[in-house]
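Have a look at the structure below, then the notes.
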There are 2 protein chains.
Amino acid sequence: MEERHRTRNPDATRRRILESAYQEVYRHGYQGTRLDDVLKATGLTKGALYHHFPNKQALGYAVVEDVIRGIISDIWRKPLEQAEDPLASIIHTIRHMDRLAGDQITTLGCPLNNLAQEMSPLDEGFRRRIDAVYQDWRAWLARALERGRAQGRIRADVDCEQVATFIVAALTGCIGIAKNAQSKEPLNHCGAGLISYLESLRA
Amino acid sequence: MEERHRTRNPDATRRRILESAYQEVYRHGYQGTRLDDVLKATGLTKGALYHHFPNKQALGYAVVEDVIRGIISDIWRKPLEQAEDPLASIIHTIRHMDRLAGDQITTLGCPLNNLAQEMSPLDEGFRRRIDAVYQDWRAWLARALERGRAQGRIRADVDCEQVATFIVAALTGCIGIAKNAQSKEPLNHCGAGLISYLESLRA
DNA sequence: TGGAAAACAAACCAGTTGGTATGTAAAATA
DNA sequence: TATTTTACATACCAACTGGTTTGTTTTCCA
């Protein structure tokens with residue numbers, strides 16, 4: 001039986017720090033994130049932070065691996081695995097992106113892409129961890145597309161790996177456009193282009 | 001007659017600072033850019049910097065308006081205006097992106113997108129200036145597409161504005177993927193998806 | 001049950017960084 | 001030519017920021 005601690009709960013503390021760090025990084029970027037601000041939102045102090053993480057970099061790495069990866073997974077992995085018509089599922093997710101990913105997607109963009117564009121050229125550790133999430137994301141898409149192709153719903157000549165890469169790229173680009181415009185409209189406007197491309201893959 | 005000053009040339013000094021600032025911002029982001037580093041590359045000092053720019057923010061704004069805008073214009077504006085077959089011109093530019101935009105495009109990404117993703121949610125002044133460049137870029141593409149449609153080279157049912165937006169988004173996304181992978185391969189791999197979409201617009 | 005280890009809090013520190021005050025030589029101007 | 005203005009250089013500073021040290025209270029375990 002799991003025992004409930006009222007006064008201390010290190011796992012929950014770690015998660016509180018991580019969640020706050022994620023929000024700060026999402027809003028201000030990694031370099032723009034101040035550890036004092038991360039802590040202010042939790043009510044904790046430096047002692048707690050440096051007990052759970054050796055330094056700011058390790059906290060940033062953990063945000064990628066423990067928070068952002070889970071967010072992408074929630075939106076894409078399960079729906080794709082369970083979908084009867086994979087292509088329809090992909091299109092559905094793109095169409096309802098703002099609802100599925102939260103309002104912040106329009107104003108703050110894709111948290112994975114944000115970190116990728118900021119940190120990939122600066123820190124190889126970040127780059128590798130971010131790339132691992134992208135690889136997972138592409139793999140979930142590619143496997144779903146292959147299933148659709150095996151079902152005969154998708155054209156036989158479609159290169160599923162390439163299409164998966166393009167979907168990730170194009171969708172990321174669309175979200176980025178919406179973020180810069182600070183409006184939902186371009187996300188739908190631009191997503192329509194991606195969807196029309198996807199429709200063209202139908203058998 | 002333009003007189004050549006050997007000892008002082010404020011316009012050239014301003015441009016040296018701007019060019020160096022562009023490189024630093026391109027490499028480290030705006031928040032990651034240190035004014036001392038910008039100056040180190042020029043051999044100038046704070047006195048020169050703060051004579052030409054009131055503060056770091058104004059320098060950042062000038063990088064968008066005076067440097068990045070020119071780079072995008074060089075790559076897209078003239079080729080599109082002069083192209084006989086606009087769609088072929090677009091595809092050509094995408095195919096030879098690494099040559100046209102320089103090697104840095106693979107390792108450092110799109111300078112406009114970098115700043116957009118970092119600064120749009122943080123600074124309205126940045127956002128507006130970046131958005132103005134995006135609007136120009138889309139307009140150049142949309143006008144070229146309309147010309148192609150009028151020529152009968154592009155399908156009559158194509159929404160040129162929407163396609164232009166999608167091209168910008170998808171290409172930006174492709175460059176971002178290549179940057180995170182730190183390799184040219186995904187740029188071509190991913191650009192192929194965009195090109196196959198563009199081919200489908202042919203009449 | 002008592003000592004060790006874990007989980008924090010609080011105060012502090014040194015390096016960094018955008019910005020400023022002051023000085024000075026070259027150009028423009030009157 | 002005298003004077004003002006421009007175009008910088010130099011030295012300096014206050015605020016910020018990641019990280020450390022020390023102290024205290026729980027929790028674990030032998």
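Sequence lines set the chain letters: A, B, ... in the order given, protein chains first and strands last, and positions in each chain run from 1.
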In this structure, how many angstroms lie between the [atom2] atom of [N] and the [atom1] atom of [X], rounded?
| X | N | atom1 | atom2 | value |
| --- | --- | --- | --- | --- |
| A/Leu35 | C/dC12 | CG | P | 20 Å |
| A/Asp36 | C/dC12 | CG | P | 15 Å |
| A/Tyr50 | C/dA11 | OH | P | 18 Å |
| A/Leu39 | C/dA10 | CG | P | 12 Å |

Between the main-chain N or O of [Y] and the side-chain N or O of [X], is there a donor-acceptor pair closer than 3.5 Å?
| X | Y | result |
| --- | --- | --- |
| B/His96 | B/His92 | yes |
| A/Asn114 | A/Gly109 | no |
| A/Arg77 | A/Ile72 | no |
| A/Arg147 | A/Ala83 | yes |

Is the shortest distance from a Lys or Arg side-chain nitrogen in A/Glu24 or A/Lys40 to a carboxylate oxygen in the other one below 4.0 Å?
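Judged by the 4.0 Å cut-off on N to carboxylate O distance, A/Glu24 and A/Lys40 do not form a salt bridge.
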N-O pairing of B/Arg128 and B/Glu124 below 4.0 Å:
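Salt bridge between B/Arg128 and B/Glu124, a charged N being under 4.0 Å from a carboxylate O: yes.
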Taking only residues two or more places apart in sequence or in another chain, which ones pass side chain to side chain contact (heavy atoms under 4.5 Å, CB included) with A/Leu39?
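Counting only residues at least two positions away or on another chain, A/Leu39 forms a side chain to side chain contact (heavy atoms under 4.5 Å, CB included) with A/Thr42, A/Leu44, A/Lys46, A/Leu49.
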Among residues 54-62 of chain A, which ones have heavy-atom contacts with DNA chain C below 4.0 Å?
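The stretch gives none, as no residue of it lies under 4.0 Å from the strand.
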Ring center gap for A/Phe166 and B/Tyr197 short of 6.0 angstrom
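No, too far apart.
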How does protein contact run along nucleotides 2-16 of chain D, one letter per nucleotide 5' to 3', with B for base contact, S for sugar-phosphate only, - for none, heavy atoms under 4.0 Å?
----BBBBB------
B/Thr42 near the nucleic acid: base, sugar-phosphate alone, or nothing, with a heavy-atom cut-off under 4.0 Å?
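If one applies the 4.0 Å heavy-atom cut-off, B/Thr42 turns out to touch nothing in the nucleic acid.
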